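Notes to accompany the following structure.
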Protein chains: 2
Amino acid sequence: MQISKGVEWAAHAAALLNGLPAGRGLKAEALARYHGVPAPYMAKQLQALSKAGITQTSRGAHGGYRLAKPADEITLWDITAAVDGPGPAFRCTEIRQNGPCGLKPEDCKRPCQIAAAFASAEQAFRDSLAAVSLADLAGQVVRDSEPDHLLAMMNWLSAEADPLSEKSA
Amino acid sequence: MQISKGVEWAAHAAALLNGLPAGRGLKAEALARYHGVPAPYMAKQLQALSKAGITQTSRGAHGGYRLAKPADEITLWDITAAVDGPGPAFRCTEIRQNGPCGLKPEDCKRPCQIAAAFASAEQAFRDSLAAVSLADLAGQVVRDSEPDHLLAMMNWLSAEADPLSEKSA
DNA sequence: TTAATTCAGACAATAGATATCCGAATAATA
DNA sequence: TATTATTCGGATATCTATTGTCTGAATTAA
């Protein structure tokens with residue numbers, strides 16, 4: 001049981017996008033450089049975010065990524081589901097239907113107790129992540145960071161952020 | 001993000017062990033056959049359970065596995081942790097220390113907000129699983145199963161379950 | 001129209017999970 | 001008490017999913 005590394009990267013990238021001024025975007029390469037991670041793989045995660053409607057992309061010259069929704073409407077679960085897939089981590093293989101005492105399929109319309117317990121636990125996991133939005137994260141960062149670090153961030157952003165073209169996919 | 005198939009098998013195996021009469025055990029091969037899964041891999045999961053103190057094993061002739069504790073003291077989280085490892089699924093790689101605006105290690109004593117949110121979500125997951133014991137599962141099974149299925153199970157168990165020798169590791 | 005710059009999907013390398021085997025240990029039996 | 005059959009336990013291959021990389025398609029500004 002492990003969560004893909006891409007989820008971490010995507011979450012940090014989304015948090016950074018939230019920090020840039022309205023109407024501006026960052027290209028994938030800049031996001032990767034900021035976080036010190038391989039650019040192509042970071043791009044892959046960003047593509048997943050776009051597919052899920054979390055980010056908006058502009059192609060061509062002066063293209064890049066920006067958030068597609070207000071920060072308080074994007075949760076960590078949204079990002080996790082976009083990158084790692086929304087499916088359940090525990091997949092019941094119905095082994096209760098196997099072996100000498102196997103149940104018949106028509107008696108297995110309800111999930112087995114074990115699968116149900118895991119489904120419930122995963123729901124609790126999702127609910128917990130869904131309670132944290134990018135806006136929440138931003139608030140905590142501003143509160144907890146050293147002032148000079150915030151300044152460095154803003155300097156870097158204003159140097160790298162390009163005004164995006166109007167049309168965006 | 002996926003939970004190992006072995007967790008499912010181990011959980012079902014433990015639930016079955018809970019069903020057998022006091023003082024009797026099942027060998028790994030029988031547990032595998034009951035569930036229609038490869039015996040060596042099932043054995044691997046059972047070994048993990050033994051290492052974690054969930055099952056007791058007897059080697060040699062008439063050996064086998066039995067539960068090491070009362071069923072209400074064994075939770076699904078215990079089994080999951082034994083098989084899949086107790087470590088966190090989300091592993092923070094501290095990418096906030098990378099790149100042009102990377103933080104210095106001495107400013108990173110507290111986990112970052114994203115890692116903290118995932119840790120909290122995983123705690124909710126664990127708590128949910130820890131709330132379900134083998135005894136709970138057994139009660140539900142008895143309530144929900146067809147009588148003839150319960151009968152078949154008990155017949156099979158009494159045919160396969162051997163009295164364990166006294167000494168057990 | 002051109003050319004630069006970007007995203008997007010297809011393609012290897014690697015780590016982890018899956019499945020298997022053989023040796024060590026134990027207890028019943030002769 | 002020695003033997004032997006039977007069992008678990010850890011070390012060993014295979015296979016899938018994740019990680020990482022690449023080249024081509026699309027778009028926009030000049």
Side-chain angles (χ1 to χ4, degrees), chain A residues 1-10 13 25-33 35-52 55-66 68 83-85 87 89-91 93 95 160 162-169, chain B residues 1-10 13 25-33 35-52 55-66 68 80 83-85 87 89-91 93 95 160-169:
Chain A
M1 176 179 174
Q2 61 178 10
I3 293 173
S4 161
K5 212 182 290 185
V7 172
E8 180 191 12
W9 299 1
L26 282 173
K27 56 185 176 182
E29 183 273 332
L31 280 164
R33 184 156 34 85
H35 294 104
V37 297
Y41 195 42
M42 172 60 97
K44 198 183 180 72
Q45 318 309 330
L46 293 169
Q47 289 166 24
L49 293 183
S50 288
K51 256 189 177 176
T55 53
Q56 261 186 342
T57 67
S58 297
R59 287 161 74 144
H62 298 282
Y65 289 92
R66 78 175 101 178
V83 173
D84 235 29
F90 181 92
R91 291 153 303 175
T93 57
I95 62 176
E160 290 284 343
D162 270 332
L164 285 184
S165 54
E166 285 310 311
K167 277 192 183 175
S168 40
Chain B
M1 176 179 174
Q2 62 179 9
I3 293 174
S4 160
K5 211 182 289 186
V7 172
E8 180 189 12
W9 300 0
L26 282 173
K27 57 185 176 180
E29 182 274 330
L31 280 164
R33 183 156 36 84
H35 294 104
V37 297
Y41 194 43
M42 172 60 98
K44 194 184 182 69
Q45 318 309 330
L46 292 169
Q47 288 165 24
L49 293 183
S50 288
K51 256 189 176 175
T55 53
Q56 260 186 343
T57 67
S58 297
R59 288 160 74 143
H62 298 283
Y65 290 91
R66 79 174 99 177
T80 304
V83 174
D84 237 29
F90 182 92
R91 291 152 303 174
T93 56
I95 62 176
E160 291 284 341
D162 270 333
L164 285 183
S165 54
E166 285 312 310
K167 277 192 184 176
S168 40

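Letters go in sequence order (proteins before strands), and every chain restarts at 1. Please read all numbers here as calculations on a predicted model, not as lab measurements.
- Nucleotide C:dC7 holds its C1' atom 13 Å from the NZ atom of A:Lys51, rounded to whole Å.
- Between B:Gln56 atom CD and D:dC8 atom C1' the separation is 14 Å, expressed in whole Å.
- Atom CZ of residue A:Phe90 and atom OG1 of residue B:Thr80 lie 8.0 Å apart, to the nearest 0.5 angstrom.
- Rounded to a whole Å, the CD1 atom of B:Ile3 is 21 Å from the P atom of D:dT16.
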Carefully, step by step, assess A:Val83 and A:Trp9 under the rule side-chain contact (heavy atoms from CB on, under 4.5 Å).
CA-CA 10 Å; A:Val83 173; A:Trp9 299 1; over 6 Å; no
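- A:Glu160 places its CD atom 11 Å from the P atom of C:dT6, with the value rounded to the nearest Å.
- The CD-P distance, from B:Gln47 to D:dA11, rounds to 11 Å in whole Å.
- Rounded to a whole Å, the NE2 atom of B:His35 is 17 Å from the P atom of C:dT18.
- The line from CZ of B:Arg91 to CD of A:Glu8 is 9.5 Å long, rounded to the nearest 0.5 Å.
- Contact between the side-chain N/O atoms of B:Thr57 and the OP1/OP2 oxygens of D:dG9 is found at a separation under 4.0 Å.
- For B:Ser50, the side chain to side chain donor-acceptor pair (under 3.5 Å) partners two or more places apart in sequence, or in a different chain, are B:Thr55.
- For the atom pair NZ (A:Lys51) and OG1 (A:Thr57), the distance works out to 12.5 Å, reported to the nearest 0.5 Å.
- Residue A:Glu29 is the one, among B:Gln2 and A:Glu29, whose nearest nucleotide of DNA chain C lies closer to the 5' end (criterion: closest heavy atom).
- Here B:Ser4 reaches the OP1 or OP2 of C:dT18: one of its side-chain N or O atoms lies under 4.0 Å away.
- Using a 4.0 Å heavy-atom distance criterion, A:Ala28 is classed as a sugar-phosphate-only contact.
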Could you list the donor-acceptor pairs under 3.5 angstrom formed by side chains in residues 40-48 of chain A, with sequence neighbours left out?
from: A:Gln45; atom 1: NE2; to: A:Tyr41; atom 2: O; distance (Å): 3.2

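- Rounded to an integer number of Å, the gap from A:Leu46 CG to D:dT19 C1' is 16 Å.
- Note on the helix from C:dT1-D:dA30 to C:dA30-D:dT1: angle between the axes of the first and last five pairs equals 10°, rounded to 10 degrees.
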Give me the distances for all protein-to-nucleotides 20-24 of chain D N/O pairs that come in under 3.5 Å?
none

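- Computed from coordinates, the A:Arg91 CZ to C:dA17 C1' distance equals 11 Å when rounded to whole Å.
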